[in-house]
Participant: 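The structure is given below, and queries will be raised subsequently.
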Amino acid sequence: MNAAVYVHFPWCVQRCPYCDFATSAARPEAIPHARYADAVIEELRLRVEAAGGLRPSTLFFGGGTPSLWSHEALGRVVAAVRALGPVDEVTVECNPTSIDAARASALFDLGVTRLSLGVQSLRDEHLRYLGRLHDADGARRAVRAAVAHGGLRVSADFMFGMNGQQTPALLEDLSELLDLGIEHVSAYMLTIEPETRFGELARKGRLPRLADDDVAAMYESVEAHLEARGLDHYEVSNYALPGAEARHNVAYWRGDPYLGLGAAAVGCLPEREDPLRASRWRNVYDVDGYLGALSEARLPPEERESLDPDTRAREALLLGLRSTEGVDLARVLARTGVDLRSSRARASQRALSRGDLEEEGGVWRIPRRRWLQADGITSALF
């Protein structure tokens, strides 16, 4: 079985006020670098054994700020995954403050092929608003250092929809990023999650925000601008030059199996007894408990659920309809036993007649002009 492998690194230097990921702030010297690598490698062994074997397709280090992990420790994890078979792509998320020319080169030497930089903005006022550690010049230096290596594919996360943000300035910043050599952009609308500092401020009416119509217009402007620069809008929030797509994320959107490793990581693999069902787990977000269990060769405490075939089919719609690749009906049938054409006959015909859905060659897609309504269109097919 092929699977995308995700490793969660649960530390960062400082939590951002909009972030609801399972992370905590820590000084680099306080992080148990070697012990955490030992635990992840042991979890990998136990998960592969329980699955009856596994071949990695891609490897993604997320967090948190995995570029804070010592190179020796991160390299051991890369080597352990690669020992299972060839890996098509190895990505490490990086904060601009934790990447420079020497670190980019060291990561490449460890087998990393792609860096995802959390740039977010090239305006100091917006970076301060987002609580980022870097400033605009620091972001530029990080991008230049990563791109200059040549052997690394480089992506940048960018955020829009912030109060006071103007579309012309946003497009100017995106042009500068591309001029610096970025080949992939993940452009995210600012989302206010309830269990964050921003969520708390919003509940108190103390967080100024752009109107929804202004954010939607900004989304459309970003799309037009990046496409004019030669990037393909291949997923709701993602743009890439030809061949520069995030292969790990594409595996998620296709509904491929994925193996999650690390504290708070999520994984989902077909069940050995009934491959039409899948088992999904989430490791507890308790680093000490995680480390303790694996030091005794036990899987960490987890939350687990069994996904029946129809739930897997719904999730295939939820993920696949976010991308230009769409939902391959035959692939869903083979994987889950669910025929979406017959099980969603009335809803799909209604969506097709309204132009909310297109079908070509046995693949369903939401037309790009309707991507802002993708959540509602998809939920109507559930």
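What you are looking at is a predicted structure, and each value in this text was computed from that prediction instead of being measured. All residue numbers in this chain count up from 1 along the given sequence.
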Participant: Using 4.0 Å as the upper bound for N to carboxylate O, is an ion pair formed by Glu172 and Arg123?
Facilitator: yes

Participant: What pairs with Glu302 under salt bridge (Lys or Arg N to Asp or Glu O under 4.0 Å), at least two apart in sequence or on another chain?
Facilitator: Arg47, Arg304

Participant: Among all residues two or more places apart in sequence or in another chain, which pass the ring pair (Phe, Tyr, Trp, His ring centres under 6.0 Å) test with Trp364?
Facilitator: none

Participant: Among residues at least two apart in sequence or on other chains, which ones pass salt bridge (Lys or Arg N to Asp or Glu O under 4.0 Å) with Asp213?
Facilitator: none

Participant: Would you mind listing every side-chain hydrogen bond (donor to acceptor under 3.5 Å, both in side chains) that reaches into residues 144-153, with sequence neighbours excluded?
Facilitator: Glu89-Arg153

Participant: I want to know whether Tyr6 and Tyr258 have ring centres closer than 6.0 Å.
Facilitator: no

Participant: Which label fits Phe198 and Tyr129: parallel for a plane angle under 30°, tilted from 30 to 60°, or perpendicular past 60°?
Facilitator: tilted

Participant: Before we go on, tell me: are the rings of Trp11 and Tyr36 under 6.0 Å apart, centre to centre?
Facilitator: yes

Participant: Please enumerate all residues that pass side chain to side chain contact (heavy atoms under 4.5 Å, CB included) together with Ala3, with sequence neighbours excluded.
Facilitator: Leu54, Pro257, Leu269

Participant: When you compare the side chains of Tyr234 and His184, does any donor N or O come within less than 3.5 Å of an acceptor on the partner?
Facilitator: yes

Participant: Name each donor-acceptor pair under 3.5 Å that joins a side chain in residues 374-382 to protein atoms two or more places apart or in another chain, with its distance.
Facilitator:
residue, atom, partner, partner atom, Å
Thr378, OG1, Ala374, O, 2.9
Ser379, OG, Asp375, O, 3.3
Ser379, OG, Gly376, O, 2.9

Participant: Report all side-chain donor-acceptor pairs from residues 59-67 shorter than 3.5 Å, counting only partners two or more places apart or in another chain.
Facilitator:
residue, atom, partner, partner atom, Å
Ser67, OG, Ser98, OG, 2.5

Participant: Ignoring hydrogens and angles, write down the donor-acceptor pairs under 3.5 Å from the side chains of residues 160-169, residues two or more places apart or on other chains.
Facilitator:
residue, atom, partner, partner atom, Å
Gln165, OE1, Gly161, N, 2.8
Gln165, OE1, Met162, N, 3.2
Gln165, NE2, Met159, O, 3.4

Participant: By ring pair (Phe, Tyr, Trp, His ring centres under 6.0 Å), which residues pair with Phe158, not counting sequence neighbours?
Facilitator: none

Participant: Taking only residues two or more places apart in sequence, or in another chain, which ones meet Asp137 in a salt bridge (Lys or Arg N to Asp or Glu O under 4.0 Å)?
Facilitator: Arg140

Participant: Say whether Asn238 and Ser186, considering side chains only, have a donor N or O and an acceptor N or O under 3.5 Å apart.
Facilitator: yes

Participant: With a 3.5 Å cut-off and sequence neighbours excluded, list the donor-acceptor pairs that the side chains of residues 309-321 form with protein atoms.
Facilitator:
residue, atom, partner, partner atom, Å
Asp310, OD1, Arg344, NH1, 2.8
Asp310, OD1, Arg344, NH2, 3.4
Asp310, OD2, Arg314, NH1, 2.9
Asp310, OD2, Arg344, NH2, 3.4
Thr311, OG1, Asp308, OD1, 2.9
Thr311, OG1, Arg314, NH2, 3.2
Arg312, NH1, Pro275, O, 3.0
Arg312, NH1, Leu276, O, 3.2
Arg312, NH1, Arg335, O, 3.3
Glu315, OE1, Arg280, NH1, 2.8
Glu315, OE2, Arg280, NH1, 3.0
Glu315, OE2, Arg280, NH2, 2.9

Participant: Can you spot which of Val78, Val92, Val40 makes a side-chain contact (heavy atoms from CB on, under 4.5 Å) with Val7?
Facilitator: Val40

Participant: Kindly work out whether a path of hydrophobic side-chain contacts (I/L/V/M/F/W/Y, heavy atoms less than 4.5 Å apart) joins Val284 to Leu291.
Facilitator: no

Participant: Side chains of Arg341 and Ser348 only: does a donor on one sit below 3.5 Å from an acceptor on the other?
Facilitator: no

Participant: Got a sec, which residues hit salt bridge (Lys or Arg N to Asp or Glu O under 4.0 Å) with Glu303, two or more places apart in sequence or on another chain?
Facilitator: none

Participant: For the residue pair Leu180 and Val147, establish whether any side-chain heavy-atom pair is separated by less than 4.5 Å.
Facilitator: no

